[in-house]
Chemist: 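So that we are looking at the same thing, I have put the structure below in structure tokens.
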There are 2 protein chains.
Amino acid sequence: MLAIVAEVFREHGYEGASLSLIGEATGLGKGSLYHFFPGGKEEMARAVIAHIDGWFEDNVFGPLRDSTDPLAGVERMIEATDSYFRSGRRVCLIGAFALDESRDLFAGQIRSYFGRWVTHLADALARSGHRPGEASELAEEAVAAIQGTLTLARAANDLDVFSRALRRLRMRLGVPAKT
Amino acid sequence: MLAIVAEVFREHGYEGASLSLIGEATGLGKGSLYHFFPGGKEEMARAVIAHIDGWFEDNVFGPLRDSTDPLAGVERMIEATDSYFRSGRRVCLIGAFALDESRDLFAGQIRSYFGRWVTHLADALARSGHRPGEASELAEEAVAAIQGTLTLARAANDLDVFSRALRRLRMRLGVPAKT
DNA sequence: GACTCATTGTACCGATCGGTACAATCTGGG
DNA sequence: CCCAGATTGTACCGATCGGTACAATGAGTC
């Protein structure tokens, strides 16, 4: 349900995702939509962001934080990223929201999401032996690389762009290449 | 004029940039807007993309292509990028268009813009001594880094994110650090 | 001054926007 | 079976959307 709404926002952006599109995609009328989300479109978007945030908490930030082998956590992050973004076919909704005016509405959630991604990754890299400052920079570079690659992959309509980027990412972060 | 319209699209996205917003920003009524752009909003966006593309052709792709010292061309690209994106305060309109549904309308222009950026940078890097395959990968990585950093900088609302990324970029591409 | 043609403001169009109201319907607990 | 509360479809709201029509005005040109 939230996943379907997320897909509509992902495809059309916050402004472009009209209630009729959302209703059509979910099979729900406005009555139901406003029953579950009395706050309307903004509340839907907020719930969708929270849902995505939860997924990343479980599948990305968690492993980064909890893996005893920090590099194994990084590898799990990369695999989760690859599967979530469908090797570049999918776009990062939160990244897209960060770019346009909807940023102002969701600034807190957006900042928190990217902030935690970078700090958890930096922590893992520091535990894997990088100097703290270097770990921070590497983490920031890695998250930016993923976001930028999503843009590039969409622009070029080329799936290889994304897999190449993940390969470079493993190299830069010191994760053994996948066999 | 085109610059003002560009700013509206940049701030609000393609869907969010209404004709009334554009009219307000430019001081032009619908009469004038449709006089100059009979094709309406789509033609405006197309013209804006072409305008930006021209700016990059002159200030980024050109130096990359024509500088006798390829690394000097790369340095000019980095400086032009920093000034164009106002150190991360501004967002890449073409990158934003690549993410949402407006991508379909402008797919050709978007692909061409990013394609030329990557290939011209790859050429310069190859001329500066990198092996061709490595140069391609580096170029792709660099353009993605810039795009992703714009997202991250917007999300964090932190200017330092962008300057750090440019510093790393100089290092990765072998350009002497700015003094 | 008269003619031309580019430019502009304004009124208007049907469609759709996000949101509200509310009656009808479903559904499980007593 | 009945009732309360959750759920739903539908009609409707004012506002705004992108776009059109057109008359008024502007600025040269001869």
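Every chain is numbered from 1, with letters handed out A, B, ... down the list of sequences. Everything quoted here is computed from the prediction, not taken from an experiment.
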Chemist: Which residues pass the side-chain contact (heavy atoms from CB on, under 4.5 Å) test with A/Asn157, not counting sequence neighbours?
Modeler: B/Arg103, B/Arg111
Chemist: Looking at residues 22-39 of chain B, who's got a heavy atom less than 4.0 Å off DNA chain D?
Modeler: B/Lys30, B/Tyr34
Chemist: Give a yes or no on whether A/Arg131 atom CZ has more than 12 heavy-atom contacts from other residues, nucleotides or ligands under 6.0 Å away.
Modeler: no
Chemist: From the 5' end of DNA chain D to its 3' end, which nucleotides mark the outer limits of contact with chain B, defined by a 4.0 Å heavy-atom distance cut-off (strictly under)?
Modeler: D/dC17 to D/dT20
Chemist: Answer yes or no: is there a side-chain heavy-atom contact under 4.5 Å between A/Phe97 and B/Arg154?
Modeler: no
Chemist: State which residues pass side chain to side chain donor-acceptor pair (under 3.5 Å) with B/Arg90; sequence neighbours excluded, sorted by chain then number.
Modeler: B/Glu7
Chemist: Taking A/Gly115's backbone N and O only, do any of them form a donor-acceptor pair with A/Thr119's side chain (distance below 3.5 Å, no angle check)?
Modeler: yes
Chemist: Set out, in order, the CA-CA distance, both residues' side-chain angles and the distance that settles side chain to side chain contact (heavy atoms under 4.5 Å, CB included) for B/Arg164 and B/Asp158, then state yes or no.
Modeler: CA-CA 11 Å; B/Arg164 276 198 296 270; B/Asp158 179 0; 4.2 Å; yes
Chemist: Tell me whether B/Lys30 contacts the main-chain N or O of B/Gly23 through its side chain, where contact means a donor paired with an acceptor under 3.5 Å.
Modeler: no
Chemist: Does anything in residues 11-18 of chain A reach DNA chain C, meaning a heavy atom under 4.0 Å, and if so which residues?
Modeler: A/Ala17, A/Ser18
Chemist: Carefully, step by step, assess B/Thr81 and B/Trp117 under the rule side chain to side chain contact (heavy atoms under 4.5 Å, CB included).
Modeler: CA-CA 12 Å; B/Thr81 298; B/Trp117 195 344; 4.0 Å; yes
Chemist: For residues 70-89 of chain B, which residue pairs pass the ring-ring contact (aromatic ring centres under 6.0 Å, His included) check, not counting sequence neighbours?
Modeler: B/Trp55-B/Tyr84, B/Phe56-B/Tyr84
Chemist: Determine yes or no for a side-chain-to-main-chain donor-acceptor pair under 3.5 angstrom, with B/Ser67 supplying the side chain and B/Pro63 the backbone.
Modeler: yes
